[in-house]
Structures are given as C-alpha cells and as structure tokens.
Amino acid sequence: MEQIRIDALVAEHARALSARLQAHRAQLFAPDSRKTMRRFTSGEAAKLLGVNDAYLRKLHLEGRGPSPETGKGGRRSYSTEDIRALREMLESGAKTPGAYLPGRREGDHLQVIAVTNFKGGSAKTTTAAHLAQKCALDGFRVLAVDLDPQASLSALHGVQPELDLGEGGTLYDAIRYEDPVALRSVIRPTYVAGLDLIPGNLELMEFEHDTPRILARGGQQATPFFTRIGEALASVEGDYDVVILDCPPQLGFLTLSALSAATAVLVTIHPQMLDMMSMCQFLLMTSELLGVVAQAGGDMSYDWLRYLVTRYEPGDGPQSQMVAFMRALFGEHVLAAEVLKSTAIADAGMTKQTLYEVEKSGFTRATYERAIESLDAVNGEIEGLIRQAWGR
C-alpha cells in the first residue's frame, strides 16, 4: 500500500474546503455584499423596548423618534438602529434611570464574560453569539471578542477569516509581545446596532507559541501573559457595558488570559455523561492553572460563575437525570433556564445566522417560539446577573 504525505494531503483538503466555503458564501451573499440584520416588526420592537405597540404608533404619529418602514397592509418595521434611537429618546424622558438604556452608570465596572468549555459540541460559540446580540438588542453597548482560532463567532457575524482578514485584524495584534497595536484598531462594527466585534483567525495561535518563549527568558516581557487581554480591554473600557469573550476550546495561554480578564464566567455543558466527565477534567485543570496565575499576582475575583445547560432535550430521561444531578451538586451556580435543542437554531447556523437574525416565517411557529423563548430566558437571566453585579 502506497503511503501518503499527510502534510500534502491536509493542505489539499484545506484548499478544496476553502474554495467550497467561498463558493457557498458567494451563493448566500454577493462578493461585495455585507450581512445585514433583519427588520423587526412593531410588535417585536415594542417588546424589546418594554412598551406596547400602541405607544410606538403614538410616537410615530406625533413625529417623535425614527419613522418606521411601512410595508404591505400598513405593517410597520424598525431596524436595530431605529430601536437604538428610540431607546435613547425614551431614556432622556424616563423617570427611572436605565429604564431603556440598562448599561453602566458612574461607578459600575465593565462586565467581561468569558464563555468557555473545552469539549466540542457544548454550543459555546452559539451561546456567545446569541448572548452578545440579545444584550445589544436590549440596549447594552457590547463588544464580542473571538478568541477561538476556528473563528466561528466571526463567521456568524459575516467575517470569513481567510477572505476578510489579511495581515492581522485579530486580538493577537493588540496582545502580542512585540509592537502591539491599539485595541481600537482591530474593533469593527457589526450590522447589529450597539454590537462591535474583534474577529479571530489562526493567527491567535501565535500567542500560544510566543508565550513559552517569553517565559523561558525569565519574564522579561512588559506585562505577564495573563494580564494582556485585561490591559487591552482597559483601553476601551469607557466604550462598552459588556464584553463577551468566546474562549478557545482548550486551556492554553489565551484562555488563561481571558479568565484573568473576566469578571464573570459562563461554562456551557451538554447534559451527557461523556460531557460531564470532560467538564470534570476541565474544572480540575482550570483550578490548578488559575491557582498558579493567582500566586503570580493574577486577579481571580469574579462577580459570578454559572453553568449553562445547552442542547437540552427535556423528554430525554438520561439528560433530565443529568440536569437534576448538576442542580443538586452546584445549586444556584446552574442557570435556571436551559437552551433547548432545536432545529431552528441548527438551521439558522447552516446559513451563518443566529435565531435573532432569521425570519421566523422560515420555521413552523411552534418550533421558532419554543427556541426563541428558551434563548430569551437564558439571556434574560444572564442580564439579571449583570445588573446584580452593578448593585441593581
């Protein structure tokens, strides 16, 4: 049997896959197009704002705030920019501060949420993407950071690394040891008002390669590896309320630096025995490594840590037993809401979209509503933890 050169074969497969993905993207979006967010019906906009539809109509008739787009049958719709403008207008006349813009006030610290796990299939990136978008839709100023070299979070937001990122453009540029750039230079706006993105690609792996060399020199770098993400975020702290870090699926230097920068940790877990065993190893390794970082001066104080059950099938007996086991073991550290397994979420991902982006007409009503209620409940609970961390 003739042997093959694995490097050549892998390179061939990578080129073929990249070409196919590029063709797939061209089918979905024209080469010069950019992803856009769908418009929200007046009912959806009213729900996001916490008012009723009749009040939105009244504002429109009075000429206050942005005018909605009127479609067939007089149906009104709003863009995310319109909803943001309405929030700002309503907040200016609100009796209670933060009623429409729930972000930071004077004295509130930046919330940095690390979404992590090192087992594939736990819906880590899907969770990070939906959380970032919902926080932005709810009026927070959000920065999503893709720390995963596989760059799935970037792809969900219309950035294809091998096509859209040339030299640089990731967080690595701002945290590298030689000639780091200003973090603001790698931040790009998204098509969701209030949400910015730092994309990722394979270049992030350079941090994993650079750090051991720096450590071998006896720590001559300007700042320790575990403080570099935190220090970079500090330079844009005033621009955001919430930062969502989509961590790599392994415990490397990037993940440790992200955990050191975080003020909160969200661990996604699929409720099956193999995943639980994997999470056990993850927690053991994390505690040991973070202990070392703490001894070296790293800040290990967090506002909260929560486990999020994902891809949950309530009718599956073993899964339900596993969830009950987790709740008995970890108590309040397990979020009360779960992300249900749904064809709607999976189908949206096939076209590189979140459930907040897709038109619900593409699904059966029951399927869509079941999935969106699940996501809204999870994200609402997390937003509650954010407010609680600010003393509200």
Side-chain angles (χ1 to χ4, degrees), residues 103-104 108-116 125 128-129 131-133 135-136 140-161 164-211 214 221-248 252-266 293 297-299 302-303 386:
R104 294 163 64 196
D108 293 340
H109 61 278
L110 178 68
Q111 280 285 292
V112 182
I113 304 172
V115 184
T116 185
T125 296
L131 176 60
Q133 290 190 1
C135 283
F140 294 91
R141 300 169 301 162
V142 185
L143 174 64
V145 184
D146 195 345
L147 289 173
D148 189 344
Q150 297 175 82
S152 298
L153 184 70
S154 304
L156 275 172
H157 287 93
V159 180
Q160 193 161 320
D164 300 326
L165 297 180
E167 292 295 322
T170 72
L171 183 71
Y172 175 70
D173 295 349
I175 63 172
R176 64 193 180 203
Y177 296 99
E178 296 180 4
D179 301 320
V181 303
L183 184 68
R184 194 168 271 106
S185 69
V186 295
I187 295 174
R188 54 177 68 194
T190 70
Y191 45 86
V192 181
L195 174 60
D196 289 344
L197 172 73
I198 299 178
N201 67 6
L202 289 173
E203 188 181 53
L204 288 163
M205 289 300 298
E206 293 298 319
F207 190 72
E208 305 292 347
H209 302 149
D210 293 345
T211 301
I214 294 295
Q221 73 274 23
T223 56
F225 77 87
F226 54 82
T227 66
R228 299 188 78 81
I229 291 179
E231 290 192 0
L233 290 176
S235 67
V236 296
E237 180 179 359
D239 299 340
Y240 301 100
D241 305 311
V242 181
V243 175
I244 309 293
L245 304 175
D246 184 25
C247 296
F253 296 111
L254 265 177
T255 300
L256 288 173
S257 186
L259 290 172
S260 298
T263 61
V265 177
L266 185 65
V293 170
D299 183 6
Y302 293 99
D303 292 324
I386 291 171

### Query
For L143, which of V112, I244, L233 qualifies under side-chain contact (heavy atoms from CB on, under 4.5 Å)?
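One option only clears the test, and that one is L233.
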
#### Entry: Sole residue of L171, D246, T170 in side-chain contact (heavy atoms from CB on, under 4.5 Å) with L147
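Answer after filtering L171, D246, T170: L171.
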
#### Entry: Spacing of S154 atom OG and D146 atom CG [to the nearest 0.5 Å]
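Rounded to the nearest 0.5 Å, the OG-CG separation comes out at 3.5 Å.
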
### Query
Roughly how far apart are L156 CG and T125 OG1, rounded to 0.5 Å?
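Spacing of CG (L156) from OG1 (T125) equals 7.5 Å.
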
Flag, side chain of [X] to backbone of [Y], donor-acceptor distance under 3.5 Å:
{"X": "R228", "Y": "R176", "result": "yes"}
{"X": "S257", "Y": "F225", "result": "yes"}
{"X": "T211", "Y": "E208", "result": "no"}
{"X": "Y302", "Y": "L259", "result": "yes"}

### Query
With sequence neighbours left out, what residues match D108 under side chain to side chain contact (heavy atoms under 4.5 Å, CB included)?
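In terms of side chain to side chain contact (heavy atoms under 4.5 Å, CB included), with neighbours along the sequence ignored, D108 is linked to R104, R105, W390, R392.
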
Checking side-chain polar atoms at under 3.5 Å, does [X] have a donor or acceptor matched by the opposite partner on [Y]?
{"X": "E237", "Y": "H109", "value": "no"}
{"X": "Y172", "Y": "D210", "value": "yes"}
{"X": "D303", "Y": "Q111", "value": "yes"}

### Message
Do the side chains of D196 and R141 get close enough for a salt bridge, i.e. N-O under 4.0 angstrom?
### Response
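So D196 does not pair with R141 through a salt bridge.
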
#### Entry: Residue among F253, F226, Y177 satisfying ring pair (Phe, Tyr, Trp, His ring centres under 6.0 Å) with F207
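Going through the options one by one, the only one that passes is Y177.
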
